[in-house]
Amino acid sequence: MKLDVSLQPQLLELANLERAADHSGSVEPAPTPEQDELDKAQARHSRLQSAAASAQMAVDDMEREILRIQADERKLRRRERDDKRQLSAETDPERRRDLEHDRYAAKSRIADLLSELKEAHNEIHALRNNVDVHGAKLDESERKLDAARRAADAAAEAESNKPDPAVRISELRAALPDDVLAEYETQRTENGVGVAEFKAAKTCGGCFIVLPPADRSAVRNAAANELPQCPDCGSYLVRPAS
């Protein structure tokens, strides 16, 4: 097949665009690398949010436990004071014995609660530090997530602003001779490629076969306005401009 050297790159571009269109079909466009990074950032942020929520929940539970201990302590102190008040007026030995026993039990339980309260305060201090650590990580994650979101939005906008391949295909077809298009279509029907690049002066871009030395020489030495064919797949080969 013969074609002016100035039009050969356009024929190769047409073949590449139509081959890409054939492969894509109706499949959704692949996500951009920026969108992949955004998805990963969102997944990491979600995990951090769950961890931060769990850390805060542990603090909330411990605060409720401290309030319970303090409430129990107040009740016991009122009981202990009431026992003491009754003892000051009670004369019955058996009744005094019961009040003394109850007062002792209340004071003993108050001592236990104070020990529990001290441990709870120590623990909540560590838990609050853990919340602060998770909060800092979450803040950093939010900044990274915002940056990833902006990058993904910019990439999506750039992708949407790309020219429609179908428009470019129509332009290329209009610029190429009818007889060349006919030969290209015939070969494209046969092997699904039609026209390919002769890469590095040795490899067919259609079947990716490295041609034997004699075939490489024949392709390289063909006339400038001629498109030689790959001996393996039959694709017309466009040589890089020298």
Side-chain angles (χ1 to χ4, degrees), residues 23-162:
H23 291 162
S24 64
S26 60
V27 178
E28 289 293 322
T32 62
E34 291 81 2
Q35 182 61 47
D36 286 338
E37 286 303 314
L38 174 59
D39 292 342
K40 292 176 184 177
Q42 287 174 326
R44 287 192 296 267
H45 192 67
S46 179
R47 290 194 295 270
L48 284 172
Q49 283 179 316
S50 296
S54 296
Q56 184 59 55
M57 189 179 299
V59 169
D60 295 342
D61 289 344
M62 185 53 62
E63 286 178 342
R64 283 192 291 271
E65 178 66 8
I66 288 173
L67 291 175
R68 181 196 65 78
I69 293 172
Q70 291 172 333
D72 287 350
E73 182 196 358
R74 286 193 296 272
K75 290 178 183 177
L76 285 166
R77 288 194 183 279
R78 284 196 300 270
R79 190 170 115 193
E80 193 266 340
R81 286 194 300 270
D82 187 57
D83 287 342
K84 185 178 179 180
R85 180 184 56 78
Q86 293 184 63
L87 275 168
S88 65
E90 184 62 57
T91 57
D92 181 69
E94 187 173 347
R95 177 61 183 159
R96 286 182 63 84
R97 207 168 35 248
D98 290 342
L99 288 170
E100 293 267 7
H101 181 271
D102 189 68
R103 185 185 178 198
Y104 174 81
K107 292 174 71 174
S108 177
R109 180 58 184 149
I110 288 171
D112 291 341
L113 287 175
L114 290 175
S115 178
E116 291 178 24
L117 189 60
K118 182 179 179 181
E119 291 180 5
H121 279 300
N122 290 337
E123 186 171 350
I124 201 169
H125 178 70
L127 291 173
R128 284 171 176 159
N129 284 342
N130 192 39
V131 167
D132 291 341
V133 170
H134 280 85
K137 289 181 179 179
L138 200 56
D139 288 343
E140 178 63 19
S141 176
E142 285 175 351
R143 287 192 289 271
K144 291 181 178 179
L145 184 59
D146 286 341
R149 189 176 290 113
R150 289 193 297 271
D153 289 345
E157 184 177 358
E159 193 70 23
S160 66
N161 289 334
K162 284 184 178 179

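It should be emphasised that the depicted structure is a prediction, and the values quoted were computed from it without experimental measurement.
Heavy atoms only, all atoms of each residue included: Glu34 and Ala155 are closest at OE1-CB, 3.4 Å. A pairwise comparison of heavy atoms in Glu73 and Leu117 identifies OE1-CD2, 4.4 Å as the closest pair. Residues Val131 and Val59 come closest through the heavy atom pair CG2-CG2, 3.5 Å. Residues Thr32 and Glu159 approach most closely at CG2-OE1, 4.5 Å, considering heavy atoms. The two residues Ile66 and Ala120 have their closest heavy-atom pair at CG1-CB, 3.6 Å.
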Exercise. Determine, stepwise, if the pair Glu140 / Arg44 fulfils salt bridge (Lys or Arg N to Asp or Glu O under 4.0 Å).
Key: CA-CA 11 Å; Glu140 178 63 19; Arg44 287 192 296 267; over 6 Å; no
Practice problem: Evaluate side-chain contact (heavy atoms from CB on, under 4.5 Å) for Glu90 paired with Glu100, printing each intermediate quantity in order. | Solution: CA-CA 11 Å; Glu90 184 62 57; Glu100 293 267 7; over 6 Å; no
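Once rounded to the nearest 0.5 Å, the distance linking CE of Met62 with NE2 of His121 reads 10.5 Å. Here the CG-CD1 distance, from Asn130 to Ile124, works out to 12.5 Å after rounding to the nearest 0.5 Å. In this structure, CG on Leu114 lies 10.0 Å from CD on Gln70, to the nearest 0.5 angstrom. One finds the CD atom of Glu116 at 6.5 Å from the CG atom of Asp112 (value rounded to the nearest 0.5 Å). For the atom pair CZ of Arg81 and CG of Asp83, the computed distance is 11.0 Å after rounding to the nearest 0.5 Å. From Glu37, atom CD reaches atom CD of Gln42 across 11.5 Å, with rounding to the nearest 0.5 Å.
Ser160 places a side-chain N or O within 3.5 Å of a backbone atom of Glu157 that can act as its donor or acceptor partner. Counting only distance, with no hydrogens or angles, the side chain of Ser54 and the backbone of Ser50 share a donor-acceptor pair below 3.5 Å. At least one donor-acceptor pair under 3.5 Å links the side chain of Arg96 to the backbone N or O of Leu87. Side-chain atoms of Ser115 never come within 3.5 Å of backbone atoms of Ala111 as a donor-acceptor pair (strictly under, hydrogens ignored).
Using a 4.0 Å cut-off between a side-chain N of Lys or Arg and a carboxylate O of Asp or Glu, Arg68 and Glu65 qualify as a salt bridge. Electrostatic pairing of Asp146 and Arg149 counts as a salt bridge here, judged by a charged N lying under 4.0 Å from a carboxylate O. Using a cutoff of 4.0 Å between basic side-chain nitrogens and carboxylate oxygens, Asp61 and Arg64 are scored as salt-bridged.
Put simply, the side chain of Gln56 does not reach to within 4.5 Å of the side chain of His134, judged on heavy atoms. Residues Glu142 and Asp139 are in side-chain contact: their nearest non-hydrogen atoms beyond the backbone lie under 4.5 Å apart. Residues Arg79 and Leu76 are in side-chain contact: their nearest non-hydrogen atoms beyond the backbone lie under 4.5 Å apart. Between His45 and Leu138 the shortest side-chain heavy-atom distance falls below 4.5 Å. A 4.5 Å side-chain heavy-atom check between Arg78 and Asp82 finds every atom pair outside the cut-off. Contact of the Asp72 side chain with the Ile110 side chain is not registered, since no non-hydrogen atoms from C-beta on lie closer than 4.5 Å.
Evaluated for a side-chain hydrogen bond (donor to acceptor under 3.5 Å, both in side chains) with Glu80, the options Arg109, Arg103, Arg85, Lys75 yield exactly one hit, Arg103.
Sparse packing is recorded around NE2 of His101, with 12 or fewer heavy atoms of other residues, nucleotides or ligands lying under 6.0 Å away.
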